[in-house]
Amino acid sequence: MRYRMMFCAGLAVGYVLGSRAGRERYEQIKRMAQRVTDNPSVQEAAGLVGAQVSKVTTMAKEQVAGRLPHSGGDEAHDGSGTGWPEEARTGSPY
């Protein structure tokens with residue numbers, strides 16, 4: 001019981017102290033983050049990382065597709081991307 005009371009007291013003190021500096025500190029952190037993201041060198045690095053991620057995901061997708069067994073039903077796939085059989089797309093559901 002004593003530990004629970006100490007925890008609640010610490011939580012209350014932390015809340016009060018945090019709320020006093022809360023908004024000002026939040027605005028300060030927000031301004032600093034905005035300056036960092038607006039920095040041209042950071043934007044360039046982010047672009048390079050994004051290009052590398054795109055390249056790696058494309059390579060990984062090709063490797064996974066190469067390892068998957070082919071179902072042999074390639075001629076039945078019409079490229080519509082729906083995944084539904086032909087009957088379900090052409091027939092009326094009612």
Side-chain angles (χ1 to χ4, degrees):
M1 185 68 174
R2 185 174 94 182
Y3 295 111
R4 185 178 290 172
M5 293 293 287
M6 292 294 286
F7 176 75
C8 289
L11 191 64
V13 168
Y15 177 78
V16 169
L17 293 176
S19 64
R20 285 186 182 164
R23 187 66 182 182
E24 295 164 10
R25 181 67 179 152
Y26 167 76
E27 291 295 331
Q28 182 184 17
I29 292 170
K30 186 175 156 185
R31 282 192 306 269
M32 187 179 352
Q34 189 66 40
R35 276 188 294 208
V36 168
T37 57
D38 287 343
N39 189 335
S41 61
V42 171
Q43 289 180 351
E44 182 181 345
L48 290 173
V49 169
Q52 288 290 352
V53 167
S54 177
K55 181 178 167 184
V56 168
T57 55
T58 301
M59 289 173 38
K61 190 186 305 183
E62 290 171 357
Q63 285 181 353
V64 168
R67 290 183 182 179
L68 291 177
H70 294 288
S71 64
D74 290 340
E75 63 276 352
H77 187 270
D78 64 354
S80 66
T82 62
W84 290 98
E86 183 66 29
E87 300 82 39
R89 282 188 284 121
T90 57
S92 173
Y94 300 105

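Just so it is clear, the structure is predicted and the values come from calculations on it, not from any experiment. Nothing fancy with the numbering, it's 1 onward along the sequence.
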Q) Using a side-chain heavy atom cutoff under 4.5 Å and only I, L, V, M, F, W and Y, what cluster partners does V49 have? A) V53
Q | Remaining members of the apolar cluster that contains V42, side-chain heavy atoms under 4.5 Å | A | V36
Q) Can you list every pair that meets side-chain hydrogen bond (donor to acceptor under 3.5 Å, both in side chains) and has a residue in residues 49-65, with sequence neighbours left out? A) none
(Q) According to salt bridge (Lys or Arg N to Asp or Glu O under 4.0 Å), who are the partners of E44, at least two apart in sequence or on a separate chain? (A) none
**Q.** For Q43, side-chain hydrogen bond (donor to acceptor under 3.5 Å, both in side chains) partners two or more places apart
**A.** none
**Q.** Inter- and intrachain pairs under side-chain hydrogen bond (donor to acceptor under 3.5 Å, both in side chains), touching residues 31-42, at least two apart
**A.** Q34-D38, N39-S41
**Q.** Residues, nucleotides or ligands: over 12 heavy atoms within 6.0 Å of M6 CE
**A.** no
